[in-house]
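Take a look at the structure set out below.
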Amino acid sequence: MKYNFKGIEAKWQEHWAKHKTFKAKNDSEKEKFYVLDMFPYPSGSGLHVGHPLGYIASDIYARYKRHKGFNVLHPMGYDSFGLPAEQYAIQTGQHPAITTETNIKRYREQLDKLGFSFDWSREVRTSDPRYYKWTQWIFIQLFNSWYNIDADKAEDIVDLIASFEKDGNTNVNASCDEDTPEFSASDWAAFSSKEKQEILLKYRLTYLADAEVNWCPALGTVLANDEIVNGVSERGGHPVIRKKMTQWSMRITAYAQRLLDGLKKIDWPQPLKDSQTNWIGRSEGASVKFKVQASTLDSALHPESETGKGENCIEVFTTRPDTIFGTSFMTLAPEHELVSKITTSAQKAEVEAYVEATAKRSERDRMADVKSITGAFTGAFAEHPFTKEPIPVWIGDYVLAGYGTGAVMSVPCGDQRDYDFAKHFGIPIPNIFENVDISEEAFADKEKTIIANSDFLNGLSYTKATKKIIAELEKIGAGKGKVNYRLRDAVFSRQRYWGEPFPVYYDTEGIPQTIGEKYLPLELPEVEKYLPTETGEPPLGNATHWAWNIETNNVVGNNLIDHKTVFPLELNTMPGWAGSSQYFNRYMDPLNGDAIFSQETINYWQDVDLYIGGSEHATGHLLYSRFWQKFMFDKGLVPVDEYAKKLINQGMITGTSAFVFREEGTGNVISKGLVKDKKVIPIHADVSLVNSSDELDIEAFKKWQLEYTDAQFILEEGKYIVGREVEKMSKSKYNVVNPDEICEEYGADSLRLYEMFLGPLEQSKPWNTAGITGVHSFLKKLWRLYHSGAEATFSVSDIEPSKENLKTLHKTIKKVEEDIENFSFNTSVSTFMICVNELSAQKCTSRKILGPLAILISPYAPHIAEELWQGLGHTETISHASFPKFEEHYLVESSKEYPISFNGKMRFTLELPLDMGKEDIEKSVMAHEKTQHQLQGRTPKKVIVVPGKIVNIVG
RNA sequence: GCUCGAGUGGUGGAAUUGGUAGACACGUUGGACUUAAAAUCCAAUGGCCAUUAUGGCCGUGCGGGUUCAAGUCCCGCCUCGAGUACCA
């Protein structure tokens with residue numbers, strides 16, 4: 001029988017599904033192992049060969065761990081809420097649920113063909129109400145929590161209320177909004193219920209706040225910073241503007257330090273950790289308050305500030321408080337709230353013009369134009385906290401409203417941007433560094449800093465001066481040491497239809513209230529149109545049945561809203577990362593309707609042992625999900641505060657695009673070799689029209705692009721040769737290769753092996769279908785090893801294996817095991833090839849070799865392995881067979897082919913016994929005729945002998 | 001600019017702590033089998049020089065260095081890729 005991969009693969013895929021071979025038990029005596037893939041968004045275009053790369057790697061690992069006796073959890077699901085389905089719905093009126101269902105079906109078919117060992121009984125879909133019930137549930141837990149900095153964890157909001165009642169908020173050390181007022185217990189008691197709720201919102205871990213957001217008018221939605229690329233939306237490329245809106249936010253900043261610290265205990269790729277570290281952006285320094293000098297203000301314009309009561313203060317954050325005596329001006333962001341208050345009437349026109357000009361400039365302009373220096377003087381002066389000297393206050397768009405306090409103390413001698421600004425506007429640049437020339441540029445080297453001209457800081461190093469100045473600032477009440485983070489709270493509202501509804505309604509006073517947990521899920525309502533409403537409300541504003549009755553606890557018609565028992569529901573939905581922030585835990589107990597997961601289950605599975613996915617999620621999903629995990633840990637819901645011990649980023653598989661060359665003017669299509677210096681326009685040709693020798697099927701090409709029907713094709717040697725270039729695999733570049741076609745022609749086992757054989761998992765590499773014949777003929781060779789005779793019938797013998805056979809086998813076991821443990825899957829494929837080549841040459845037929853070999857290969861090529869295993873007489877699946885045990889003694893050699901080198905260059909090899917001593921080796925080598933030939937009569941200066949390794953003769 | 005990663009044959013790539021550079025494949029060339037093709041098998045394949053077998057020289061982005069020995073370690077560059085961007 002020939003190697004009939006189609007029959008074999010279909011047979012075993014059916015077998016695995018029918019026997020639930022890969023179902024993981026939640027109670028097992030075995031040690032657990034959790035292998036997770038980043039679940040896909042089921043897009044309309046299906047999978048291309050780049051998508052399964054990570055899934056194949058994780059599947060090999062999962063199968064390997066089963067052979068090693070672990071209880072393996074290896075689930076798969078779908079991140080099925082998202083914009084493309086909604087866009088499609090807007091265009092066609094088709095409900096996103098239907099599109100999503102169709103796409104999922106297609107994904108499932110494609111995945112099934114690849115022979116993955118997923119436990120499909122645990123499938124989750126983020127858009128399934130049985131799943132998003134728990135996404136909403138976590139939202140409610142966040143809403144009912146606040147962050148206690150003293151305890152360094154999230155705590156119940158009820159406890160916070162209790163301490164407000166007792167002592168007000170003066171002793172509460174919490175992560176809360178900047179503008180939270182101080183109040184006493186009696187103040188609290190006197191607050192109205194509305195006021196109390198508003199205060200509490202400033203503490204909740206998810207809260208409603210006016211936020212400056214990136215509004216995309218074309219999409220009718222707000223985008224996160226990481227969804228904007230070059231100032232336009234990542235999807236669709238529409239323009240984005242800044243706008244203030246009331247939005248739900250997640251207080252992720254409360255966890256900034258713990259998110260940073262947690263990175264130390266997880267085995268994730270360093271580049272990924274680095275980008276999270278940069279994203280969080282911790283910097284140490286001081287916050288300093290500068291009084292605005294009242295005398296400089298324009299009393300006519302600012303009567304209140306003149307009274308001295310509401311004294312204006314500019315608060316800055318600086319990482320170099322040691323340079324405070326070098327401050328020669330202050331700079332505020334143009335958006336800073338103080339700008340309008342302190343500007344003098346003389347400067348008013350100029351300042352207002354500048355503020356208006358910067359507001360008009362798009363983010364894009366501001367970003368593109370880093371070099372030009374602009375700003376305006378407000379006319380106001382601040383007072384230096386130590387020298388009491390007046391400091392002019394400027395505004396400039398190089399200071400960002402969104403970072404720190406939106407104001408800086410400008411020290412031109414120590415900061416290049418301040419330096420450039422000062423030079424441009426002719427502001428003095430006092431030098432406060434000892435023996436440093438600042439005539440050309442600022443001096444920012446902390447290590448070499450010695451402070452001068454700075455009163456009590458003179459002669460101190462950066463470290464000492466910083467310590468001292470912070471102490472002094474605290475003494476005079478003008479500032480304190482502070483740690484600042486770049487990380488912002490995450491906006492959590494989306495003006496979209498196809499996302500999780502917030503379990504929130506608005507009460508009589510417009511205060512958000514969560515619905516009772518036991519009434520979850522709050523299911524998405526039906527709408528006529530998926531676009532924002534005419535009044536600019538999110539798509540849920542189109543729903544007619546979207547109000548909450550607090551007596552019956554269900555959704556009712558909007559016409560019943562009376563603000564007494566029936567209230568309007570939230571119209572925003574949650575962002576894409578909501579559902580993906582908890583799925584890895586839900587897989588452990590996906591059908592549980594009473595709890596997000598049972599405590600027994602989470603305590604058994606604990607966390608993910610291996611997580612494989614793309615690096616593009618470094619600062620999105622992978623940061624938010626860590627935040628939620630830490631929150632759940634604080635609430636005692638999960639046993640560990642980092643959910644993935646090890647993470648690997650698979651590299652991208654790029655496509656190899658093909659081009660034809662159309663000559664300008666003539667319109668002729670010229671073969672690559674004839675282009676030379678002719679003026680040509682390269683045009684993408686579909687890669688399926690090109691064979692492995694880069695030759696184009698001209699007739700097929702003409703049929704594909706009708707405009708070329710009559711074009712003249714200029715050939716070389718009777719062929720049209722296309723140009724090739726490596727690009728991202730994408731539909732628009734016509735270089736997409738579909739895994740279904742590969743499976744059809746070569747089989748899933750070949751595809752699995754080939755994807756691994758391409759190169760290291762983490763590296764990006766180009767796809768070239770031609771190479772797959774190598775692994776495919778390897779599988780055929782493997783098949784022949786177990787079959788013989790003219791009919792190629794299955795035949796193995798019971799004869800004892802030879803020493804050689806055993807050596808080949810154990811060498812392979814050792815290498816493959818090491819490779820899998822090191823995620824070096826490409827090298828184990830070549831190891832298999834070497835093994836099969838050797839066993840074929842040895843004419844090995846021994847069951848004692850071929851049995852273990854089938855298990856070794858089974859993680860990589862599971863279908864053929866099952867078939868061979870069955871041929872060997874086994875009735876049980878190979879999936880749980882134990883991995884062959886490596887035995888060192890089969891590899892022990894008695895001799896070694898020593899490389900004999902002269903001055904470091906290998907000239908010949910010499911076989912010598914391994915137990916031969918240094919001196920004897922040297923004697924044998926020196927006596928050898930080739931040695932004499934090499935030396936040509938010279939006497940060597942030195943002979944290096946490393947027993948078991950090498951001999952090097954110097955001289 | 002900063003951070004990270006990577007440069008090895010025509011191509012993908014291999015080389016455990018410094019110890020035989022180019023494993024394993026693809027491609028190419030030649031051969032066997034065949035009426036023919038496919039499939040399969042065998043051989044050669046880093047470059048240059050020499051050739052009667054034996055040989056010689058050069059070679060892991062570039063320039064230095066350490067070492068008996070460097071793709072691997074150190075110093076200084078170059079190029080490409082990814083991320084990030086006026087972060088005070």
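Please read all numbers here as calculations on a predicted model, not as lab measurements. Chain letters run A, B, ... following the sequence lines, proteins first and then strands; every chain starts at 1. The basis for the numbers below is simple: all heavy atoms, side chains too, and nothing from hydrogens, waters or symmetry mates.
At the phosphate of B/G27, neither OP1 nor OP2 sits under 4.0 Å from any side-chain N or O atom of A/R724. Phosphate contact (OP1/OP2 of B/A88, side-chain N/O of A/R486, threshold under 4.0 Å): absent.
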Reading nucleotides 2-18 of chain B 5' to 3', which nucleotides get B (base under 4.0 Å from a protein heavy atom), which S (sugar-phosphate only), which -?
--S-------BSS-BB-

Dot-bracket notation for RNA chain B, counting Watson-Crick and G-U pairs under 3.5 Å, with | for partners on another strand
(((((((..(((......[....)))((((((.......))))))((((.....))))..(((((..]....))))))))))))....

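Nearest nucleotide to the side chain of A/I950, out of B/C26, B/A88, B/G19: B/G19. Distances from the side chain of A/K781 to the nucleotides B/C41, B/U40, B/A88 place B/C41 closest. In the set B/A25, B/U20, B/A88, B/A88 carries the atom at the smallest distance from any side-chain atom of A/T319. With B/C86, B/U40, B/C26 as the choices, the nucleotide that has an atom nearest any side-chain atom of A/K780 turns out to be B/U40. Side-chain proximity of A/R417 to the nucleotides B/U20, B/U40, B/A88 is greatest for B/A88. For A/A770, taking side-chain heavy atoms from C-beta onward, the closest of the listed nucleotides B/U20, B/C26, B/C41 is B/C26.
Comparing A/S275 and A/P899 by the nucleotide of RNA chain B whose heavy atom lies nearest to each, the residue mapping closer to the 5' end is A/P899.
Remark: the separation of the C1' atoms in B/C49 and B/U54 is 16 Å, to the nearest Å. A gap of 49 Å separates the C1' atoms of B/A88 and B/A14, to the nearest Å. B/U72 and B/G18: their P atoms are spaced 12 Å apart (whole Å). Taking atom C1' in both B/G46 and B/A36, one finds a spacing of 37 Å when rounded to whole Å. Spacing of P atoms, B/G59 relative to B/A21, comes out at 13 Å, to the nearest Å. Distance check on atom C1': B/C78 versus B/C87 gives 31 Å, rounded to whole Å. Rounded to whole Å, the separation between the C1' atoms of B/A85 and B/C48 comes to 49 Å. Taking the P atoms as reference points, B/A25 lies 31 Å from B/C57, given to the whole Å.
For A/F886, there are no ring pair (Phe, Tyr, Trp, His ring centres under 6.0 Å) partners at least two apart in sequence or on another chain. Residues satisfying the salt bridge (Lys or Arg N to Asp or Glu O under 4.0 Å) test with A/K942, not counting sequence neighbours, are none. Applying the side-chain contact (heavy atoms from CB on, under 4.5 Å) test to A/P766 and every residue at least two apart in sequence or in another chain returns A/T654, A/T656, A/V726. Residues satisfying the salt bridge (Lys or Arg N to Asp or Glu O under 4.0 Å) test with A/E893, not counting sequence neighbours, are A/K807. With sequence neighbours left out, A/E818 forms a salt bridge (Lys or Arg N to Asp or Glu O under 4.0 Å) with A/K814. With sequence neighbours excluded, no residue satisfies side-chain hydrogen bond (donor to acceptor under 3.5 Å, both in side chains) with A/T327. When the side-chain contact (heavy atoms from CB on, under 4.5 Å) test is applied to A/H48, the partners found at least two apart in sequence or on another chain are A/H51, A/M729, A/V736.
Rounded to whole Å, the distance from NE2 on A/H776 to P on B/A25 is 15 Å. Counting to the nearest Å, the C1' atom of B/A25 and the CE atom of A/M833 are 6 Å from each other. Atom NZ in A/K905 sits roughly 14 Å away from atom C1' in B/U20 (whole-Å rounding). Counting to the nearest Å, the P atom of B/G27 and the CD atom of A/E695 are 15 Å from each other. One interatomic measurement links the two molecules: CG of A/L400 to P of B/U84, which rounds to 17 Å at whole-angstrom precision.
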At a cut-off of 3.5 Å, list every protein nitrogen or oxygen paired with a nitrogen or oxygen from nucleotides 67-72 of chain B, distance to 0.1 Å.
from: B/C68; atom 1: O2'; to: A/N952; atom 2: ND2; distance (Å): 3.0
from: B/C68; atom 1: O2; to: A/N952; atom 2: ND2; distance (Å): 2.9

Using a cut-off of under 3.5 Å, enumerate the N/O to N/O pairs linking the protein to nucleotides 46-55 of chain B.
none

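Identified under the salt bridge (charged side-chain N to carboxylate O under 4.0 Å, His left out) test for residues 412-421 of chain A, with sequence neighbours left out: A/D415-A/R417.
Heavy atoms of A/T831 sit nowhere under 4.0 angstrom from any nucleic acid atom.
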Criterion side chain to side chain contact (heavy atoms under 4.5 Å, CB included) on A/Y485 and A/T253, from CA distance to verdict:
CA-CA 8 Å; A/Y485 299 93; A/T253 49; 6.0 Å; no

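To the nearest 0.5 Å, atoms CD1 (A/I252) and CD1 (A/I280) are separated by 7.5 Å.
The glycosidic torsion of B/G27 lies more than 90° away from 0, which places this base in the anti conformation.
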